[in-house]
2 protein chains.
Amino acid sequence: MQNLSQNLSHNIEKYILTLLEEEQQENFISLRRKELAEMFECVPSQINYVLRSRFTPEQGYLIESRRGEHGYIKIFRVTYGSPDELSEHVTNLIGGEISLYEAHRLLEVLQDRELITGRERLLIEIALRYIAPDEGQSARSRELSEMLKTMLGGLMTDDND
Amino acid sequence: MQNLSQNLSHNIEKYILTLLEEEQQENFISLRRKELAEMFECVPSQINYVLRSRFTPEQGYLIESRRGEHGYIKIFRVTYGSPDELSEHVTNLIGGEISLYEAHRLLEVLQDRELITGRERLLIEIALRYIAPDEGQSARSRELSEMLKTMLGGLMTDDND
DNA sequence: TTATCATTGATTATTGCTGACCTATAAAAT
DNA sequence: ATTTTATAGGTCAGCAATAATCAATGATAA
């Protein structure tokens, strides 16, 4: 089982997402690193790479693990009790300063989770470009952060539309 | 071997637009920069130039990419062609300068006619406030006009030729 | 002529993947 | 109760394969 469609990491990610979706009772799944690695015919540390790059708090996941006999890796899908909670989470993610590039990546995640539409993302990206500093995509700016927080906070808190 | 018809950038643009039109399932296409460059017998960074100059959010497109093995560039077409008349009409309404107040009234109308959603309107209003002049709601500004036209144009982009 | 657009290629940054080495845990042995 | 051993998972540095950026240059249009 390898490289069927995309790349290894992508396939492992998809598999984990499937498990999470199938899970009914809990808001987490439990894995054994070694087994997963065998399943995908790869080195165990590959699993860590996938978790580190695709199941981060920014993307809405938490990891808990244990070593030794009966070791495991648990992946929690973070859920938000209220719009305010979600909005606060996003506000924290944005922080005091953000770059165009970081904002772009955040918007990707939000659209993937269907928290914003493509059209909304387009509008936000245009606005960001209008007020972004000239120093390039990676330059952090306080103003970017403030506008982005206002926009996303408004979308998630409000009940427009 | 070039300048067969127009210039390289133009040809690459056309090719990408063709791919986007042919795409049925999704609202995006996925490219490999290196392959496209080989296809057009040019340097890879040429592709970036085409994307930067012709597939911007202002023109109704969003780009996502990844480096490394199995790298890719995805181009999303966010909007679908809408009547030219409409976007032209709106552009004329906005004119060379507009005040926050006038913009607000225009957005109300557009929402009433369901050309934009409440959420989209919220985003535009926030963006306008961030670049509005200090002189108050009634002060006309060229920059307000430009951003507003860009945003609404982005949402109502048509296939140019 | 001058300003903008197009093209190139050198350099830098990111992503995916592996393997060697490190740490933690539980069960077994003492 | 303590030590040992087997069995997990974690970290990190390094390589290879991409894509992005940037500055220099050429071409074209106003």
Side-chain angles (χ1 to χ4, degrees), chain A residues 1-16 29-56 58-59 62-75 99-105 108-109 129 132-140, chain B residues 1-16 29-56 58-59 62-75 160:
Chain A
M1 183 176 193
Q2 78 262 28
N3 275 5
L4 289 182
S5 54
Q6 306 249 345
N7 57 50
L8 228 197
S9 295
H10 181 264
N11 293 336
I12 296 173
E13 176 192 11
K14 288 291 164 238
Y15 177 70
I16 293 174
I29 56 158
S30 192
L31 298 175
R32 326 221 55 224
R33 188 178 78 148
K34 200 177 160 196
E35 281 177 12
L36 236 203
E38 273 162 13
M39 197 169 152
F40 284 92
E41 292 173 21
C42 67
V43 136
S45 59
Q46 178 70 26
I47 308 302
N48 296 88
Y49 174 70
V50 172
L51 297 178
R52 205 185 334 129
S53 59
R54 292 155 155 85
F55 292 88
T56 65
E58 286 78 10
Q59 285 152 317
L62 290 175
I63 308 294
E64 175 191 307
S65 67
R66 193 165 192 172
R67 308 185 190 188
E69 201 116 19
H70 311 308
Y72 61 81
I73 298 178
K74 282 182 185 168
I75 303 169
S99 68
L100 214 50
Y101 179 72
E102 293 165 333
H104 182 74
R105 296 300 285 265
E108 277 182 32
V109 171
R129 285 158 64 103
D134 295 330
E135 293 96 61
Q137 289 230 317
S138 304
R140 291 219 173 91
Chain B
M1 186 198 212
Q2 73 247 59
N3 271 6
L4 289 181
S5 50
Q6 303 254 343
N7 58 46
L8 228 195
S9 294
H10 183 264
N11 292 337
I12 296 172
E13 176 191 11
K14 285 292 167 224
Y15 178 69
I16 293 174
I29 56 158
S30 193
L31 298 175
R32 323 214 66 224
R33 190 180 77 149
K34 201 177 159 197
E35 282 177 11
L36 235 203
E38 273 161 15
M39 202 169 146
F40 284 92
E41 292 174 23
C42 67
V43 134
S45 58
Q46 179 71 27
I47 309 302
N48 295 88
Y49 175 71
V50 173
L51 297 177
R52 197 172 59 237
S53 59
R54 294 155 155 86
F55 293 87
T56 64
E58 287 81 356
Q59 287 157 306
L62 290 174
I63 308 293
E64 287 181 19
S65 66
R66 292 290 177 272
R67 307 185 192 188
E69 199 148 13
H70 306 104
Y72 61 82
I73 299 178
K74 282 184 186 169
I75 303 169
N160 302 311

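When reading the values below, keep in mind they use all heavy atoms of this one structure, side chains included, and skip hydrogens, waters and symmetry mates. Proteins get letters first, then strands, A, B, ... in listed order; numbering begins at 1 in each. Computed from a prediction, not measured in an experiment: that's the story for all the values here.
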Would you name the heavy atoms of I16(A) and F55(A) that are closest together and state the gap between them?
CG2-CZ, 3.5 Å
If you compare every side-chain N and O of Y49(B) against the phosphate oxygens of dA6(C) (OP1, OP2), does one of them come in below 4.0 Å?
yes
Grab the CD1-P distance between I63(B) and dT21(D) for me, whole Å please.
12 Å
Please classify the nucleic acid contact of I73(B) as base, sugar-phosphate, or nothing, using heavy-atom distances under 4.0 Å.
sugar-phosphate
Ignoring the backbone of C42(B), work out which of dT8(C), dA6(C), dG16(C) is nearest its side chain.
dT8(C)
Could you check how far NE2 of H104(A) sits from P of dA13(C), rounded to whole Å?
19 Å
Nearest-Å distance for atom pair CG/P, residues N7(B) and dA29(D)
9 Å
Anything under 3.5 Å between a protein N or O and an N or O of nucleotides 22-25 of chain D, put it in a table, one pair a line.
none

Could you pull out the protein-nucleic contacts involving nucleotides 14-18 of chain D (nitrogen or oxygen on both sides, under 3.5 Å)?
unit_1  : atom_1 : unit_2 : atom_2 : d
dT18(D) : O4'    : G68(B) : O      : 3.3
dT18(D) : O2     : G68(B) : N      : 3.0

Interatomic distance, CD1@I12(B) vs CG@L36(B), rounded to 0.5 Å, equals 6.5 Å
Euclidean distance, atom NZ of residue K14(A) to atom C1' of dG16(C) [Å, nearest integer]
16 Å
d(CD, Q46(A); P, dT15(C)) in whole Å:
14 Å
Counting only N and O atoms by type, is there a donor-acceptor contact under 3.5 Å from the side chain of S99(A) to the main-chain atoms of E102(A)?
yes
Nearest heavy-atom approach of S53(A) to Q59(A) is O-OE1, 3.6 Å
Grab the two heavy atoms, one from I47(A) and one from A37(A), that are nearest each other, plus how far apart they are.
CD1-N, 4.1 Å
Quick check: on DNA chain C, is the nucleotide nearest V43(B) upstream (toward 5') of the one nearest S9(A), or the reverse? Name the residue that is more 5'.
V43(B)
Looking at residues at least two apart in the chain, or sitting in another chain, which of them share a ring pair (Phe, Tyr, Trp, His ring centres under 6.0 Å) with Y49(B)?
none
Are Q137(A) and dT21(D) close enough that a side-chain N or O sits under 4.0 Å from OP1 or OP2?
yes
Atom-pair distance (NE2 on H10(B); P on dA27(D)), nearest Å:
20 Å
Do H70(B) side-chain atoms and L8(A) backbone N/O form a donor-acceptor pair below 3.5 Å?
no
Is E58(B) salt-bridged to R129(A), going by a charged N under 4.0 Å from an acidic O?
yes
Please round to the nearest 0.5 Å and tell me the distance separating atom CZ of R33(A) and atom CG of N48(A).
5.0 Å
How long is the line joining CG of L36(B) and P of dT7(C), in whole Å?
14 Å
Here the distance between atom P of dT18(C) and atom CD1 of I47(A), to the nearest Å, is 10 Å
